[in-house]
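Before any comments, here is the structure.
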Amino acid sequence: MTAFALIDGNSFYCSCERVFDPKLESRPVIVLSNNDGCAVARTNEAKALGIRMGAPYFKIRSLCEREGVVALSSNYALYGDMSRRMNEIYETFSPRTEVYSIDETFLDVTDVPPGDRMPWAKDLSATIRRWTGIPTCVGIGPTKTLAKLANKAAKKLSDGVLDLTDPDERARVMANFPIGDVWGVGPANQIKLGSIGIAFADQMRDLDPRRARELMTVVGERIVYELNGQPCLPLEDVPAVRKGCAVTRSFGERVTTKLAMEQAVAGYATRLGEKLRRHGLATDHVTVFMHTSRFADNEPQRNVSMTVDLPEATNDTLQLIKASRRAVDQLWRSGYRYSKAGIITDDLVRPADRQRALFDTLDQDKASKIMQALDEANRRWGRATVFPAAMGVTRTAFSTKFERRSPRYTTRWEELPQCR
DNA sequence: TCTGGGGTCCTAGGACCC
DNA sequence: TCTGGGGTCCTAGGACCC
């Protein structure tokens with residue numbers, strides 16, 4: 001019988017910050033999204049103050065100041081590095097793992113005898129705590145959906161570990177488990193299920209799969225089977241090839257000039273090129289969009305996008321910039337205060353498989369050597385050591401704001417924590 | 001003044017074909 | 001009077017995830 005474990009970091013971003021700044025221990029802490037916009041991670045102390053996931057910071061700022069909540073900008077270099085360390089340790093606990101998100105990993109525990117699973121999970125969690133400083137929860141079940149459910153239920157337990165392999169234990173937990181907390185049931189489907197009287201996980205488990213399909217397509221049908229202990233979702237231990245890639249940002253300050261927009265979008269195109277090359281992928285079209293703030297409903301609104309085709313698939317930054325600049329030329333209208341722009345691609349291909357242009361006007365090999373040199377320089381000396389002039393040379397007002405960022409303790413020598 | 005940034009999968013419906 | 005009957009492919013939009 002297959003069995004899955006799901007381990008995740010508690011208030012992960014906040015816990016990363018606490019590892020390197022012990023003063024944050026037992027204090028309420030939140031981590032903010034880009035531009036210090038919204039709360040995206042909260043410690044239990046912050047949740048207890050009523051701070052909701054996604055709450056805009058400007059709306060909770062006075063509460064935070066009054067209650068002594070520490071609000072930090074996000075520090076993705078730190079969180080990504082901590083995540084990588086944790087995943088290295090997981091691999092010593094299971095032969096097969098699936099990294100599901102920056103702070104969640106599924107582990108195949110089929111070969112751990114049922115009676116040993118609780119001690120195994122406690123050992124896993126304790127080892128992660130000891131070696132990385134991050135507190136975690138572990139849930140175990142016969143399907144991924146049930147492992148997710150067990151993990152969520154484990155958050156309420158003192159040791160943060162719950163094994164729902166046993167059907168009776170499972171039924172008891174599911175009878176009190178809100179349907180909206182089930183993996184795959186979002187707000188829209190929660191309303192649909194509520195309308196036929198389904199409020200808890202055990203009720204969906206007992207729903208006719210055909211009825212679930214009518215209501216929520218095949219996705220709902222799978223959830224019913226998974227809640228019954230029949231796996232529909234395999235462990236994806238070989239990461240799938242990425243299908244799309246996007247770079248989008250809200251501006252630190254509204255953009256009102258075409259030059260600023262061109263520079264911002266050139267920067268996104270540069271970042272897109274880096275991401276494509278790191279994954280060994282290329283694209284033959286890019287979609288550029290720009291829009292004003294939908295919250296500023298007293299201002300004139302504009303929300304436009306345009307797709308530009310490239311002669312052949314590429315991940316060359318200079319070509320991506322050229323294509324996206326053509327889109328900006330077409331889309332730009334003065335008189336608006338733009339709040340966000342971005343570049344999106346899909347249908348990614350491996351460069352070797354790409355469709356060659358009929359008339360090959362570009363020397364792809366030469367371009368690829370330039371990009372290799374660029375990536376190497378930026379890898380060695382830090383991002384944006386070498387960058388295209390189209391991005392502009394000053395750190396401009398539209399750049400994303402991180403006014404409360406902690407040091408990059410583990411990935412920059414000059415920001416290493418110090419003992420005195 | 002101030003509201004994130006990515007991803008995936010599924011389906012309906014239109015375009016097009018014979 | 002009566003106006004076919006399938007297929008496939010593509011795209012936009014919705015829903016979900018973290």
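These figures come from a predicted structure and were not determined experimentally. In what follows, chains carry the letters A, B, and so on, assigned in the order in which the sequence lines appear, proteins first and then strands, with residues in each chain numbered from 1.
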- Report which part of the nucleic acid Asn34(A) touches: base, sugar-phosphate, or nothing (heavy-atom distance under 4.0 Å, all strands). sugar-phosphate
- Base, sugar-phosphate, or nothing for Arg271(A), non-hydrogen atoms under 4.0 angstrom? nothing
- Query: How is Glu253(A) classified with respect to the nucleic acid when contacts are heavy atoms under 4.0 Å: base, sugar-phosphate, or nothing?
  - Reply: nothing
- Query: What nucleic acid atoms does Lys148(A) come within less than 4.0 Å of, heavy atoms only: base, sugar-phosphate, or nothing?
  - Reply: sugar-phosphate
- Looking at every strand, decide which applies to Gly54(A) at a 4.0 Å heavy-atom threshold: base, sugar-phosphate, or nothing. nothing
- Touch check for Tyr100(A), heavy atoms < 4.0 angstrom, all strands: base, sugar-phosphate only, or nothing? sugar-phosphate
- With a 4.0 Å cut-off on heavy atoms, is Val99(A) in touch with a base, just the backbone sugar-phosphate, or nothing at all? nothing
- Mind checking Asn189(A) for me? I need base, sugar-phosphate or nothing, with any heavy atom below 4.0 Å counting as a touch. sugar-phosphate
- Query: Does Arg85(A) come within less than 4.0 Å of Asp81(A), counting only side-chain N to carboxylate O?
  - Reply: yes
- Task: Mind checking Lys401(A) for me? I need base, sugar-phosphate or nothing, with any heavy atom below 4.0 Å counting as a touch.
- Result: nothing
- Query: Between Glu98(A) (CD) and dC17(C) (P), how many Å, whole number?
  - Reply: 16 Å
- Side-chain N or O of Arg242(A) closer than 4.0 Å to phosphate OP1/OP2 of dG7(B): yes
- Taking atom types as modelled and ignoring hydrogens, do the side chains of Asp347(A) and Thr283(A) form a donor-acceptor contact shorter than 3.5 angstrom? no
- For dC9(B), does OP1 or OP2 lie under 4.0 Å from any side-chain N or O of Arg222(A)? no
- Message: So Arg61(A), base contact, sugar-phosphate only, or nothing? Heavy-atom distance under 4.0 Å.
- Response: nothing
- Query: Watson-Crick or G-U wobble partner for dC18(B), using a 3.5 Å limit on both distances?
  - Reply: dG5(C)
